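Below is one structure, written out as structure tokens, with a few remarks after it.
Lettering follows sequence order; numbering is per chain, from 1. All of these numbers come straight from a predicted model, not from anything done at the bench.
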Protein chains: 2
Amino acid sequence: MNAAVDLLDEHGSRGLTFKLLTERLQTGAGAVYWHVANKDELVTMATDQVIGTALERLSPEPGTSPEARIRALALSVYDTLDQHTWAAPHVVAVHTMPHTMRLLERIGGMIAETRLPVRRRFAVATAIFIYLTSVTAQDAGRAVAAGPDSTRDDMLRHEAQQWAALDPETFPFVTRIAEDLGHHDDRDQFLTGLDLILDGLRAQVGDLP
Amino acid sequence: MNAAVDLLDEHGSRGLTFKLLTERLQTGAGAVYWHVANKDELVTMATDQVIGTALERLSPEPGTSPEARIRALALSVYDTLDQHTWAAPHVVAVHTMPHTMRLLERIGGMIAETRLPVRRRFAVATAIFIYLTSVTAQDAGRAVAAGPDSTRDDMLRHEAQQWAALDPETFPFVTRIAEDLGHHDDRDQFLTGLDLILDGLRAQVGDLP
DNA sequence: ACCTGAACACCGTTCAAGT
DNA sequence: ACCTGAACACCGTTCAAGT
């Protein structure tokens with residue numbers, strides 16, 4: 001399984017083949033199939049393992065507000081998945097896997113410390129959980145699409161140029177913000193959305209220290 | 001291209017093969033490759049076309065607040081992508097495609113009607129755009145994972161049982177909300193997160209009529 | 001300019017046989 | 001119980017040849 005994570009880091013989920021895996025493990029294909037049902041399950045298990053490392057690396061930080069700790073937790077997961085860009089798109093299928101359950105449990109625990117009404121806890125905790133996993137997946141997916149050959153900046157510059165080249169009459173907004181895209185950071189962007197959600201949460205709870 | 005969308009609806013992006021496509025179009029593989037570079041590009045173009053239909057089906061609804069119109073737009077896209085579950089995961093790669101640009105333009109235009117400071121418009125508009133596309137992608141991805149054989153309810157029930165079966169000591173939150181998962185609706189869930197974001201937006205703008 | 005379709009390289013999965 | 005590795009079915013992509 002660790003070998004699978006390594007190979008996925010090197011080649012991505014598409015680039016991982018049973019040939020590569022059996023070569024590295026010095027075994028036959030059947031050996032792998034004795035432990036997993038198919039390639040999907042293999043990648044899913046590897047993905048859950050990555051989620052596990054994100055939880056491990058997090059320091060407790062007691063004393064701070066639940067919202068701040070949710071923020072820190074979300075960032076830790078974001079950064080970890082950013083290092084394993086192949087993993088994020090598979091978090092979808094992983095809702096029932098052990099480490100991913102631990103992640104939801106942590107978020108829920110923090111929400112429970114809030115003065116949010118009990119009946120709203122499920123909805124808000126899963127909303128944050130879903131925001132976290134799915135936006136991370138999208139950002140990581142874009143990083144994969146960019147490829148290791150072209151740098152992220154090159155790609156953003158290229159995209160910004162395409163935006164700027166659009167017709168300003170039909171695309172007044174997009175053409176005007178095209179240059180903002182140039183110095184855009186996915187991580188900041190992720191935080192902006194997360195903070196909007198946390199602001200919404202505070203608004204529902206009533207903001208007191 | 002329309003044939004591609006139909007086949008994708010029938011078989012999903014994995015199930016779409018050049019064999020199926022050339023049979024339906026009564027041509028050879030080379031004919032398809034004359035128009036697209038590879039399968040990825042084919043699916044990307046089909047995905048953008050789906051986004052286009054989501055924008056088409058939307059009625060203008062003038063007079064309502066920008067936030068309410070963003071909500072309606074987001075729901076339209078959500079529902080359309082929900083009917084083409086194969087598409088959502090590919091919206092990532094599509095940020096530069098024509099209809100997807102129109103979507104961002106629309107959101108941005110509505111944000112511009114808000115009293116949000118100009119320098120924050122880019123960040124907030126893309127935050128909403130990213131929330132919309134990526135959460136939709138996750139929900140749709142889960143629908144694909146469930147498969148057409150087992151119903152959604154069966155799957156949720158099964159997942160809820162797994163949650164309930166966890167150790168209540170280490171998973172106090174998850175086990176307690178397990179039953180909420182039973183009558184859970186992805187669409188409501190999507191709205192909960194969206195409303196949190198819109199609440200956050202209103203909090204930043206100052207809520208006036 | 002656009003299409004044909006056979007050929008190629010490759011990959012996930014299976015399975016009879018081994019230990 | 002767990003591993004071996006050859007064999008199978010299939011699929012994306014290419015390309016010389018056609019119109």
Side-chain angles (χ1 to χ4, degrees), chain A residues 1-50 84-94 97 141 144-150, chain B residues 1-50 84-94 97 141 144-150:
Chain A
M1 187 53 51
N2 285 322
V5 173
D6 288 345
L7 280 172
L8 285 162
D9 284 341
E10 291 168 33
H11 301 100
S13 36
R14 238 204 190 106
L16 172 73
T17 67
F18 280 82
K19 187 162 177 291
L20 280 173
L21 188 60
T22 51
E23 273 169 8
R24 176 143 323 176
L25 291 174
Q26 306 261 54
T27 50
V32 179
Y33 274 91
W34 180 258
H35 297 282
V36 302
N38 50 41
K39 188 180 169 181
D40 275 348
E41 187 176 308
L42 180 72
V43 176
T44 299
M45 289 171 68
T47 300
D48 192 57
Q49 183 152 318
V50 169
H84 306 276
T85 46
W86 53 270
H90 301 274
V91 189
V92 199
V94 111
M97 306 248 39
V144 169
D149 35 326
S150 72
Chain B
M1 187 52 51
N2 284 323
V5 172
D6 288 345
L7 279 172
L8 284 162
D9 283 342
E10 291 167 33
H11 301 100
S13 36
R14 236 202 192 106
L16 172 72
T17 66
F18 280 83
K19 186 162 178 290
L20 280 172
L21 187 60
T22 51
E23 272 169 9
R24 177 143 321 177
L25 292 175
Q26 307 262 54
T27 48
V32 179
Y33 275 91
W34 181 258
H35 296 282
V36 303
N38 49 41
K39 189 181 167 179
D40 275 348
E41 187 177 308
L42 179 71
V43 176
T44 299
M45 288 171 68
T47 300
D48 192 56
Q49 184 154 318
V50 169
H84 307 276
T85 47
W86 52 270
H90 300 274
V91 189
V92 198
V94 112
M97 305 247 43
V144 169
D149 36 328
S150 72

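- Of all non-hydrogen atoms in A/V32 and A/F18, the two that sit nearest each other are CG1-CE2, 3.7 Å.
- Between A/E10 and A/L7, some side-chain heavy-atom pair lies under the 4.5 Å cut-off.
- Within the 4.5 Å cutoff, side-chain heavy atoms of B/Q49 are placed close to those of B/N2.
- The closest side-chain heavy-atom distance from B/E23 to B/K19 is below 4.5 Å.
- C/dG12 atom P lies 4 Å from atom NZ of A/K39, rounded to whole Å.
- D/dG12 atom P lies 15 Å from atom CD of B/E41, rounded to whole Å.
- Rounded to the nearest 0.5 Å, atoms CE (A/M97) and CD (A/E41) are 7.5 Å apart.
- Among the duplex regions that DNA chain D forms, those built from at least three successive Watson-Crick or G-U pairs under 3.5 Å are C:4-8 with D:12-16, C:12-16 with D:4-8, ordered by first number.
- Side chains of A/L21 and A/L42 form a contact here, defined as non-hydrogen atoms less than 4.5 Å apart.
- Between A/H90 and A/S13, the closest heavy-atom pair is NE2-OG, 3.4 Å.
- Taking both residues in full, the closest heavy atoms of A/V5 and A/A46 are given as CG2-CB, 3.9 Å, listed atom of the first, atom of the second, then distance.
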### Message
Strictly under 4.0 angstrom, non-hydrogen atoms only: write out the protein contact profile of nucleotides 14-19 of chain C, one letter per nucleotide from the 5' end, B, S or -.
### Response
BB----
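- Taking atom P on both nucleotides, C/dA17 is separated from D/dC2 by 22 Å, rounded to a whole Å.
- Within residues 10-28 of chain B, the residues that have a heavy atom under 4.0 Å from DNA chain D are, in order of number, B/L16, B/T17, B/F18.
- Looking at heavy atoms from C-beta onward, A/V43 lies in side-chain contact with A/T47 at the 4.5 angstrom threshold.
- Between the side chain of A/K39 and the main chain of A/L16, a donor-acceptor pair closer than 3.5 Å is present.
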